[in-house]
Amino acid sequence: MRNTTIPKQIQNYACISLCLLGSAKVNAAQLYVPNQGSSNVSVIDTSTNSITATITVQANPYGIAVAPNGAHAYVVSGPYGSSTVSVIDTATNTITATVTAGVTPIGVAITPNGSYLYITNNNASSISIINTLTNTIVATVGVDSSPLGVAITPDGSYAYVANYGGNDVSVINVSTHTLITNIPVGQTPYGIAVTPNGSYAYVANSNGSNVSVIDTVTRTVVATVTTSSNPTAIAITPNGSHAYVTTGSNLVDVIDTSTNTVTATISLLNPFGLAVAPNGAYVYAANLAGAVALIDTSTNTITATVSVGISPGNGLTLGFSVPHYACILDETGSNLYLIDETALNTTPVSLSLGSSLSPRNIALTNDRMHAYITNTGSNTISYIAMDYESIYPTAIATGSPITVGSQPSTITLSPDGNYLYVADIGDNSIYRVTLSNNSTTQLATLSAVPENIAINPKGDFLVSALSSVNQVAIITSPSGSAPFTVATVSVGTRPNDFAFDGTGTATGNAYVICNGAVNHNLQQIDLATAAVTDALTLNGSTPSAISKMTIDSNTYFLIAMASSPLVNLVSVSPFFAITSYPSISDPATQVLVNPETSSIAYLLQPSTRKVQGIDFTGSTISPVVGMQVTTGTAPIGGGSPADGSQLYILNSADGSVSVYTTSGATLTTATGAPVTGLGTPRGVSICP
């Protein structure tokens with residue numbers, strides 16, 4: 001066992017983290033700066049670069065993470081402090097809870113759905129995992145010696161921990177809270193950051209004067225970047241193009257991630273904490289003199305400084321939250337509406353896409369800064385770059401429309417965030433858009449109209465339902481190079497929706513529901529062999545939607561029946577065990593699983609204009625069927641933000657969006673809802 005004493009950098013200097021908070025509750029992005037020497041947190045309004053609040057916290061605050069929904073900031077008080085986490089309500093900037101962590105907590109990261117905090121306990125060589133709903137420690141995971149920085153992959157699957165005393169990085173499975181492996185890196189790894197597409201982790205090796213680049217698929221070091229001496233904190237821009245690294249040479253180094261070379265240096269006395277603005281325009285760097293410098297990322301020059309508290313410093317963890325908006329497409333008016341999730345502005349921001357485009361579906365990139373919209377009326381994809389730093393988001397750049405086949409319809413983002421896949425219903429084709437340059441590639445021409453497309457979590461297979469010919473098309477390695485392997489497999493009558501049992505590292509199987517007049521069933525498809533390997537007859541009529549749920553750490557599929565007032569719950573282990581729940585009030589056409597608590601779902605029941613909650617939490621798998629709420633006319637779909645706090649239902653016939661506040665299986669109409677005057681709402685994407 002190596003020495004687990006506090007690293008010299010932490011002993012000699014104040015250590016903090018910087019977190020940007022962009023919330024609909026405030027007029028601009030907020031920057032939270034923990035000041036170790038004054039045991040408080042400075043809150044900076046980034047639109048004016050002025051201090052708007054100073055929050056007293058436990059002694060010696062170090063790391064910070066902000067919840068994805070912007071509601072809370074979590075401040076870790078580590079060495080010489082209280083070994084606690086202070087929970088800040090960002091609406092009031094007051095402390096609402098204090099949680100005891102492990103020995104000498106320093107680094108902190110929060111899962112993308114906001115459910116868990118991962119905290120490095122430097123002197124205990126462990127990670128404390130805190131449930132943010134209950135503010136209690138639910139697990140402690142042992143890692144190598146003296147952990148400091150921690151980062152979580154954008155898909156929420158894995159946590160990467162920099163072990164200062166172990167010269168390695170621990171990988172933790174977030175779903176099981178277990179250690180997977182340790183990856184050797186350079187000397188005394190300090191800060192760590194994962195690229196927005198989840199492909200690489202960048203590790204600052206403070207005594208090695210370099211940065212290790214880890215491939216998150218192979219979990220090996222694939223590059224080593226020489227930097228100025230003693231690199232500590234590291235942050236990556238939202239587009240993944242550059243990594244900024246603070247060093248002991250009074251410099252901030254800029255790494256071009258495409259070449260993994262240092263392309264610029266910025267002089268700054270004793271830089272430690274780092275944060276990048278949500279739109280990537282600025283890097284905020286704290287220095288030990290008690291100030292935060294603003295670095296313009298287009299010129300890599302310091303354009304302003306803001307005085308804060310005593311000894312702001314080491315940015316081990318970074319937590320970002322952009323303002324929260326629901327992006328709603330208006331098919332008839334060719335507009336993109338942006339609805340403030342908190343204020344539910346009755347006159348939403350409208351961005352015109354052009355005339356007579358008939359926008360159909362929308363996809364947001366992982367950084368939430370770019371929207372891609374399929375337009376069936378013009379055979380194009382609209383491309384919009386968004387800026388969420390102002391009180392309402394605006395289009396800062398509208399790129400040239402991307403021409404794609406004939407009548408592009410369904411669009412989805414690849415798991416790694418590098419590609420978009422588009423189903424064209426006019427020419428029966430599947431296209432790929434490469435996001436780095438917006439170029440298009442035709443992957444396949446199919447024998448029938450592709451009703452939809454779906455990608456397994458690993459991203460190595462794409463599937464599409466060819467309902468008119470009772471087949472499923474399977475494209476192997478859709479992110480690879482031509483020629484592409486395309487196979488079709490015959491399934492039941494009228495296949496229409498998919499789910500997968502794989503993970504980000506395992507291919508797994510695809511599951512398709514078939515809703516023909518005779519065989520209402522669920523079929524399992526082996527993706528590698530393009531063969532049906534099992535089938536299950538469902539109870540009820542007309543299966544309409546399938547969603548993956550996690551109940552007591554086990555995988556299930558919840559299937560709605562459009563012609564029967566029941567749902568089917570199918571388990572994967574034991575394989576294909578089925579339970580039906582006829583207590584549902586009305587037939588449902590969609591299953592909307594709560595993103596934060598995946599044992600809770602909401603059933604869209606258009607025949608009665610209702611939405612009904614169903615909660616499977618609990619080992620007995622006996623659901624709590626929630627109350628029904630009434631939506632608008634002709635509800636066609638919906639969605640939720642990552643924290644699952646709200647539910648949006650699109651009502652296509654009356655131009656409205658119903659908004660509900662969620663609490664388990666209970667839905668209540670949110671204040672200010674519904675939002676009206678939206679033309680014909682069609683596609684929806686929640687940011688974030």
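Numbers here simply count residues along the sequence, with the first being 1.
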Would you indicate whether the side-chain heavy atoms of [Y] and [X] approach each other to under 4.5 Å?
| X | Y | value |
| --- | --- | --- |
| K458 | T505 | no |
| I525 | V512 | yes |
| P623 | D615 | no |
| K610 | S585 | no |
| F461 | I455 | no |
| V570 | F576 | yes |
| F557 | K548 | yes |
| L413 | Y372 | no |

Q | side chain to side chain contact (heavy atoms under 4.5 Å, CB included) between T507 and N456, worked out | A | CA-CA 7 Å; T507 295; N456 67 326; 3.8 Å; yes

Q.
Between I328 and V684, does the side chain to side chain contact (heavy atoms under 4.5 Å, CB included) criterion hold? Intermediate values first, please.
A. CA-CA 5 Å; I328 310 292; V684 59; 3.4 Å; yes

Q: For residues 326-335, pull every pair meeting salt bridge (Lys or Arg N to Asp or Glu O under 4.0 Å), keeping only residues two or more places apart or in separate chains.
A: E331-R360, E331-R682

Mind checking the [atom1]-[atom2] spacing from [X] to [Y]? Nearest 0.5 Å is all I need.
| X | Y | atom1 | atom2 | value |
| --- | --- | --- | --- | --- |
| L538 | I559 | CG | CD1 | 4.5 Å |
| N438 | L435 | CG | CG | 6.5 Å |
| D427 | L446 | CG | CG | 9.5 Å |
| T216 | Y158 | OG1 | OH | 9.5 Å |

Using every non-hydrogen atom in the two residues, find where [X] and [Y] come nearest and quote the distance to one decimal.
| X | Y | answer |
| --- | --- | --- |
| V593 | S547 | CG2-CB, 3.5 Å |
| A510 | L527 | CB-CD2, 3.7 Å |
| Y116 | N131 | CD2-CA, 4.0 Å |
| P635 | I649 | CB-CG2, 3.8 Å |
| L604 | I636 | CD2-C, 3.9 Å |
| C327 | I362 | CB-CD1, 3.9 Å |

Between [X] (side chain) and [Y] (backbone), is there a donor-acceptor pair under 3.5 Å?
| X | Y | result |
| --- | --- | --- |
| T376 | Q407 | no |
| S414 | Y419 | yes |
| N173 | S175 | yes |
| T380 | I402 | no |
| T617 | S599 | no |
| T503 | A506 | yes |

Q. Do N418 and S199 pass the side chain to side chain contact (heavy atoms under 4.5 Å, CB included) test, and can you show the C-alpha distance, the side-chain angles, and the key distance before you say yes or no?
A. CA-CA 10 Å; N418 292 329; S199 297; 4.3 Å; yes

Q) Between F616 and Y581, what is the ring plane arrangement, given parallel below 30°, perpendicular above 60°, and tilted in between? A) perpendicular

Q: Run the numbers on S580 and N568 for side-chain hydrogen bond (donor to acceptor under 3.5 Å, both in side chains), then give the verdict.
A: CA-CA 4 Å; S580 297; N568 291 280; 2.7 Å; yes

(Q) Between D526 and T533, do the side chains contain a donor N or O and an acceptor N or O under 3.5 Å apart? (A) no

Q: Go through the side-chain N and O atoms of S541 and S563 and say whether any donor and acceptor fall under 3.5 Å apart.
A: no

Test side chain to side chain contact (heavy atoms under 4.5 Å, CB included) applied to [X] - qualifying residues, sequence neighbours left out:
| X | value |
| --- | --- |
| T662 | N594, Y602, L647, L667 |
| P359 | L329, S334, L353, L357, I373, N375 |
| T181 | V171, I183, R219 |

Q: Evaluate side-chain hydrogen bond (donor to acceptor under 3.5 Å, both in side chains) for D586 paired with S607, printing each intermediate quantity in order.
A: CA-CA 8 Å; D586 297 291; S607 62; 5.2 Å; no

Q: Among D654, N651, T332, find the one that has a side chain to side chain donor-acceptor pair (under 3.5 Å) with T680.
A: T332

**Q.** Evaluation steps, side-chain hydrogen bond (donor to acceptor under 3.5 Å, both in side chains), between Y511 and D501
**A.** CA-CA 8 Å; Y511 298 80; D501 63 5; 2.7 Å; yes

(Q) Between Q612 and I584, is the side chain to side chain contact (heavy atoms under 4.5 Å, CB included) condition met? List the steps. (A) CA-CA 8 Å; Q612 186 166 33; I584 305 306; 3.4 Å; yes

(Q) Restricting to side-chain hydrogen bond (donor to acceptor under 3.5 Å, both in side chains), what partner residues turn up for S467, sequence neighbours left out? (A) none

Check residues 478-491 and write down every donor-acceptor pair under 3.5 Å in which the side-chain atom is one partner and the other belongs to a residue at least two apart or another chain.
none

Q: Test T661 against T668 for side-chain hydrogen bond (donor to acceptor under 3.5 Å, both in side chains), laying out the working first.
A: CA-CA 5 Å; T661 299; T668 56; 4.5 Å; no

Q. Pick one: which of L420, V433, T440 meets side chain to side chain contact (heavy atoms under 4.5 Å, CB included) with I381?
A. V433

